[in-house]
Amino acid sequence: MNPYKGMSYGPALDYMAEQFGDREALVFEDRRMSFTEVRAEIDRASARLGRLGLVRGDKVAIWMPNRPEFIWYWLGAAQIGIVPVVLNTRLALDEAAYQIDQSESVAAIVPGDGAFHDFVGDLIRLCPELCDGPLGVNGGERLPKLRHVVALDPVKGDAAGIERWTDSVAPELAVPPLVTDPDAPGMIAYSSGTTALPKGAMLNHAGFRKAWDHGERFEQTADDRLYLSVPLFGILANINGVLTCWSRGSCVVLERRFDAGRAIEIIERERCTMAYLFPIMIEQVLGHPDYRPDRIRSLRTGIVVGTDTEVMRRVAEDLDMPGYFTSYGMTETSSAVTRCYSTDAPEVRQTTHGKPLPDIEVSIRDIDTGAELAAGEEGEICVRGYSIMIGYYNKPEETAAVFTDDGFFRTGDLGYMTPTGYMVFLRRIKDGYKHKGFNVSTPEVEKAIADHPDVAEAAVVGLPDRLAGEIGVAFIIPREGRRVDASALRSFLKPRLASYKLPAHVFEVEDFPLTAGTSKVRKFKLRDMAIEALKERAEKVPVRDGTAN
């Protein structure tokens, strides 16, 4: 039975500390902390936020890379009813301004000097008023709700409005009353935004309840140790990572960022049994000169983000991690909705995304009529349950548009259920396009392009076309030291794809615009890039275009 059912963050953290006390909860560089110590740090963060004058219902933007303080202020805010707004550390200035303003954040907590990015400098650029003193109740001209900017490290310069919390030991302060309602807002996380401007999904306090159910699928125990380098601002790392581990007394070995050589070293030294991996991480680890199978033999299980069967094979055989598993979820569903069991047959884990978690309903609906479909029939994946978002913050119309009359959240994803109750995710519904009356699945085209020996990654989008209705545009990242000729690629694809599926244009790029945490390709950004490039058709275009037909 799930012990966290009905608990909000505060009581869940109390239960966690009582159950696991002196066990190691967190390793970060040279710091090692027990569950008791972690609980104390979270309370200390709550107290400091209270002393700042923040009250229940206020929003605080947390804009920092992986470090323990992210966790302290995320959970420290949530447990006393201050809503943490977790921001992608790679946001451009205007994107950060939009999310801070749209969420009505009254405070922002950032690192100081020494971070990979000048977060304080960005906030000063957004609010030059910080140079003169605290923002106060009127905020800045561009961010009128923002009253406080807190730096957790020393900051160069004399911006008088930056509040510096650089002492290693905060004074003992009273912790404000804890929230006890599990349905109260517990976080705002901006959705992936693969097809539109990100929206702030309001998630409730049921994170620990969901996290406990995650662990049941891969036979998690208190002896497990998770190597975690994916960004904490993403659901994959915070709820799916930190809370999943802590709900059952497992340790999180946290890294600032992924580095293949260091990953090998850390996994070996810390005897990590779990890892959350993207395909590029797997490739870099296996290709690193320091890699030897015996160095990471402690790994037994973990999440592999993707469905490529070759990637799954390499994880099981080359990484010797046979207990890997796949799952399906998104920001709006507070992470996983379905998950395979680590004991499922490899072909099940390679071809499906698992069964629904306890108390979560999955319904496959006809895209046009909303009628529920039978097993094997493709339709929109719709989800209902305790962990579905409350709604998009300050966006009532957008919220209403994604919920059915009977309370199911419409994911915008295409999939089907197998006769045995496993769900299969196929693609984003809007990822396809129609060329001369024929439907084209962009994942199918992407897979075919990625099979080319000179291509590392591929992404395809559809663009409006006067004659054909829509045409396909492919973006490719070539393998290191390689170039891809568009005509040669077309010849490669001809025997693999129907003629109407061949992309009309091919652009070679260094990387793709990705979403926070989940690292999904932001297709709407690629569409904008393609439109601009095709409009200019000049040598100054920052991507190399090859017209394939």
For this session: Any chance you could lay out the side-chain contact (heavy atoms from CB on, under 4.5 Å) test for Met417 and Leu373, step after step, and finish with the verdict?
Result: CA-CA 9 Å; Met417 299 295 291; Leu373 301 176; over 6 Å; no

Establish, from distance only, whether the side-chain atoms of [X] and [Y] form a donor-acceptor pair under 3.5 Å.
{"X": "Asn204", "Y": "Tyr386", "result": "no"}
{"X": "Thr244", "Y": "Gln220", "result": "no"}
{"X": "Ser327", "Y": "His353", "result": "no"}
{"X": "Ser387", "Y": "Lys210", "result": "yes"}

Exercise. Which of parallel (below 30°), tilted (30 to 60°) and perpendicular (above 60°) describes His205 and Tyr9?
Worked result: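 Ring orientation of His205 relative to Tyr9: tilted.
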
Problem set entry | Option from Arg23, Arg248, Arg300 for which salt bridge (charged side-chain N to carboxylate O under 4.0 Å, His left out) with Asp224 holds |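 Option passing the salt bridge (charged side-chain N to carboxylate O under 4.0 Å, His left out) with Asp224: Arg300.
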
For this session: Please test Val83 against Asp58 for side-chain contact (heavy atoms from CB on, under 4.5 Å), starting from the C-alpha separation and ending with a verdict.
Result: CA-CA 6 Å; Val83 183; Asp58 280 343; over 6 Å; no

Please check this pair: side chain of [X] against backbone of [Y], looking for a donor-acceptor N/O pair closer than 3.5 Å.
{"X": "Glu332", "Y": "Ile390", "value": "no"}
{"X": "Thr352", "Y": "Arg349", "value": "no"}
{"X": "Thr333", "Y": "Val337", "value": "no"}
{"X": "Asn66", "Y": "Leu232", "value": "yes"}
{"X": "Arg410", "Y": "Glu380", "value": "no"}
{"X": "Ser298", "Y": "Cys272", "value": "yes"}
{"X": "Tyr190", "Y": "Gln99", "value": "yes"}

Could you tell me whether [X] sits above the aromatic face of [Y], with NZ or CZ closer than 6.0 angstrom to the six-membered ring centre and within 45 degrees of the axis?
{"X": "Arg365", "Y": "Phe408", "answer": "yes"}
{"X": "Arg48", "Y": "Trp165", "answer": "yes"}
{"X": "Arg209", "Y": "Tyr4", "answer": "no"}

Problem set entry | From CA spacing to verdict: salt bridge (Lys or Arg N to Asp or Glu O under 4.0 Å), Lys355, Glu216 | CA-CA 12 Å; Lys355 291 186 174 183; Glu216 185 264 341; over 6 Å; no

Exercise. Only one of Ile109, Ile62, Ile188 clears side chain to side chain contact (heavy atoms under 4.5 Å, CB included) with Pro84; which?
Worked result: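 Going through Ile109, Ile62, Ile188 one by one, the side chain to side chain contact (heavy atoms under 4.5 Å, CB included) with Pro84 is satisfied by Ile62 alone.
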
Exercise. Which of these, Phe218, Tyr276, Tyr341, sits in a ring-ring contact (aromatic ring centres under 6.0 Å, His included) with Phe325?
Worked result: Phe218

Does a salt bridge link [X] with [Y], judged by any charged N lying under 4.0 Å from a carboxylate O?
{"X": "Lys5", "Y": "Asp359", "result": "yes"}
{"X": "Arg31", "Y": "Glu69", "result": "yes"}
{"X": "Glu270", "Y": "Arg225", "result": "yes"}
{"X": "Lys199", "Y": "Glu398", "result": "no"}

Exercise. Between Phe233 and Leu87, what is the shortest heavy-atom contact and its length?
Worked result: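 Where Phe233 meets Leu87 most closely, the heavy atoms are CB-O, 3.5 Å.
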
